[in-house]
Amino acid sequence: MTGLPDYAAPLRAVDLLDVRACGDDFELVAQITVDGKEPNLRGHFPGQAVYPGIFVIETLEQAMREAANARLRTVRSVRFLAPVLDGDRMVLTATAKRTEDGWDVTGKAALGATTTAKIRATFVAVGGAETCSEGDHTSEPAVSKAHQQTVGGRGMTEHHDIRVLLPQRYPLLLVDRVLELVPGESIVTIKAVTGTEPCYAGIPDGAPASRYDYPKSLMIESFGQSAALLWLDGRAPVEDDDTTLMFIGARDYRFTGAARPGDVLRHEVRLESVLADTAFATGRTWAGDRLIATVTTLTATRRPVRAAA
């Protein structure tokens, strides 16, 4: 497999795929060799070519698209146990069990004998269940200007303030502005989806509109960066070459709709608790007045990561 998929995707996340069917169920083995020169990896943690957890999820989704023309609906649980770095050959194995409206999938990613991630998820057929125009239109309160706070004496609403706190850079810096911040409690951020983003580069002219659905892996990353801004609020950037803030797990991350170019994602994140260097957040994502994603728990922590060669 070479080049980008013909649907919205941040990168080609599967090099080799083997599928073994057993009735309506099947097993798959997806492989990817991490290329530290890939723009998304360079932009994720500059100086640390880490294959981020969101791309492990992307690998599973691309494998399911190829094997069953299915797309991700819910990440029931995911845990990231060890980093995947430049030059590593990651192998993701998964079992897909047919359900009434899709598949229940259980998988793990590994580097040789070392398990790097475990994931349970549900998938539905492309074109089934939720569509871009669907979603929960439950009304929500307007953003309260009175709750806007400051960082370092400036209103943290602009993109240049975000770059002070987050290590991510183009094309994987996925928060444009902070609308509302209650320190230690909650944050509201936005990320505009545009048709010029790299994730749309592989889509041919005349492709169906559904292929422009914004990648769920990038939606999770954008939400996670918003949670990081909330956690890091008021703290000076950590100058530590041995540790970095990493997404290590999630529970019940459910997608009820999709976003496409022209939409503005609005993330509402609440910090549930912080234990030592580990934070737990919950929240939801809107596209306009449509609720398109909810998450029960997203977990991040500081972990040591060896520098890429």
Side-chain angles (χ1 to χ4, degrees), residues 54 135-170 172-194 197 214-238 245-247 250-275 277-301:
I54 57 160
D136 187 346
H137 289 262
T138 304
S139 61
E140 84 285 4
V143 173
S144 171
K145 297 291 185 180
H147 283 170
Q148 288 186 352
Q149 303 295 318
T150 61
V151 172
R154 301 192 308 268
M156 196 181 76
T157 59
E158 301 299 331
H159 192 70
H160 66 271
D161 293 301
I162 293 168
R163 290 169 67 96
V164 171
L165 290 176
L166 293 182
Q168 287 86 358
R169 291 296 180 263
Y170 178 86
L172 221 61
L173 178 52
L174 301 179
V175 179
D176 292 333
R177 178 174 290 183
V178 175
L179 299 183
E180 180 178 327
L181 173 64
V182 180
E185 294 184 14
S186 63
I187 194 170
V188 179
T189 70
I190 57 172
K191 188 272 184 281
V193 178
T194 72
E197 295 188 45
Y214 192 65
K216 293 180 175 68
S217 58
L218 296 185
M219 199 183 304
I220 296 171
E221 176 68 18
S222 183
F223 182 95
Q225 291 179 18
S226 302
L229 285 168
L230 175 58
W231 184 17
L232 295 171
D233 169 48
R235 297 183 174 95
V238 176
L245 187 62
M246 299 183 70
F247 170 38
R251 182 167 58 86
D252 294 331
Y253 207 123
R254 180 176 175 81
F255 297 93
T256 58
R260 291 178 186 160
D263 284 326
V264 176
L265 301 177
R266 186 172 75 259
H267 303 295
E268 301 173 350
V269 186
R270 178 167 293 277
L271 189 62
E272 292 296 313
S273 61
V274 177
L275 301 175
D277 282 335
T278 302
F280 303 87
T282 188
R284 54 189 184 172
T285 298
W286 300 78
D289 65 349
R290 294 179 293 113
L291 180 62
I292 61 172
T294 59
V295 57
T296 299
T297 304
L298 183 141
T299 309
T301 192

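Side chains included, hydrogens not; waters and symmetry mates left out as well; all remaining heavy atoms used. Bear in mind the structure is a predicted one, so any value in this text is a computation, not a measurement.
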Scan the side chains in residues 185-194 for donor-acceptor partners under 3.5 Å anywhere in the protein, sequence neighbours excluded, and list what turns up.
| residue | atom | partner | partner atom | Å |
| --- | --- | --- | --- | --- |
| T189 | OG1 | S226 | OG | 2.6 |
| K191 | NZ | E197 | OE2 | 3.3 |
| T194 | OG1 | T196 | OG1 | 3.1 |

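Taken to the nearest 0.5 Å, the CD atom of Q225 stands 9.0 Å off from the CD1 atom of I162. How far OG1 of T294 is from CG of D252: 8.0 Å, rounded to the nearest 0.5 Å. Residue L172 holds its CG atom at 8.5 Å from OG of S217, rounded to the nearest 0.5 Å. I292 CD1 to R266 CZ: the interatomic distance, rounded to the nearest 0.5 Å, is 10.0 Å. With rounding to the nearest 0.5 angstrom, the CD atom of E221 is 4.0 Å from the CD1 atom of I54.
The minimum heavy-atom distance linking F223 with R284 is given by the pair CE1-N, 3.8 Å. The minimum heavy-atom distance between A228 and L166, with the atom names listed, is CB-CD2, 3.9 Å. Listed here is the closest heavy atom pair of V182 and L230: O-CD1, 3.9 Å. Residues V295 and R251 come closest through the heavy atom pair CG2-O, 4.0 Å. Shown here for L265 and A259, the closest heavy-atom pair between the two residues is CD2-CB, 3.6 Å. The two atoms that bring Y214 and M219 nearest to each other are CE2-N, 3.9 Å, heavy atoms only.
Without hydrogens or angle criteria, S222 side chain to L174 main chain gives a donor-acceptor distance under 3.5 Å. T301 contributes a side-chain N or O that, together with a main-chain N or O of D277, makes up a donor-acceptor pair within less than 3.5 Å. Judged by distance alone, the side chain of R169 and the main-chain N or O of R163 form a donor-acceptor pair under 3.5 Å.
Within the 4.5 Å cutoff, side-chain heavy atoms of L173 are placed close to those of H159.
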Intermediate values then yes/no, side-chain contact (heavy atoms from CB on, under 4.5 Å), V175 and L229: CA-CA 9 Å; V175 179; L229 285 168; 3.9 Å; yes
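Among residues two or more places apart in sequence or in another chain, the side chain to side chain contact (heavy atoms under 4.5 Å, CB included) test is passed with A227 by V269, A281. Evaluation of the side chain to side chain contact (heavy atoms under 4.5 Å, CB included) rule for T282 yields R270, E272 as partners, not counting sequence neighbours.
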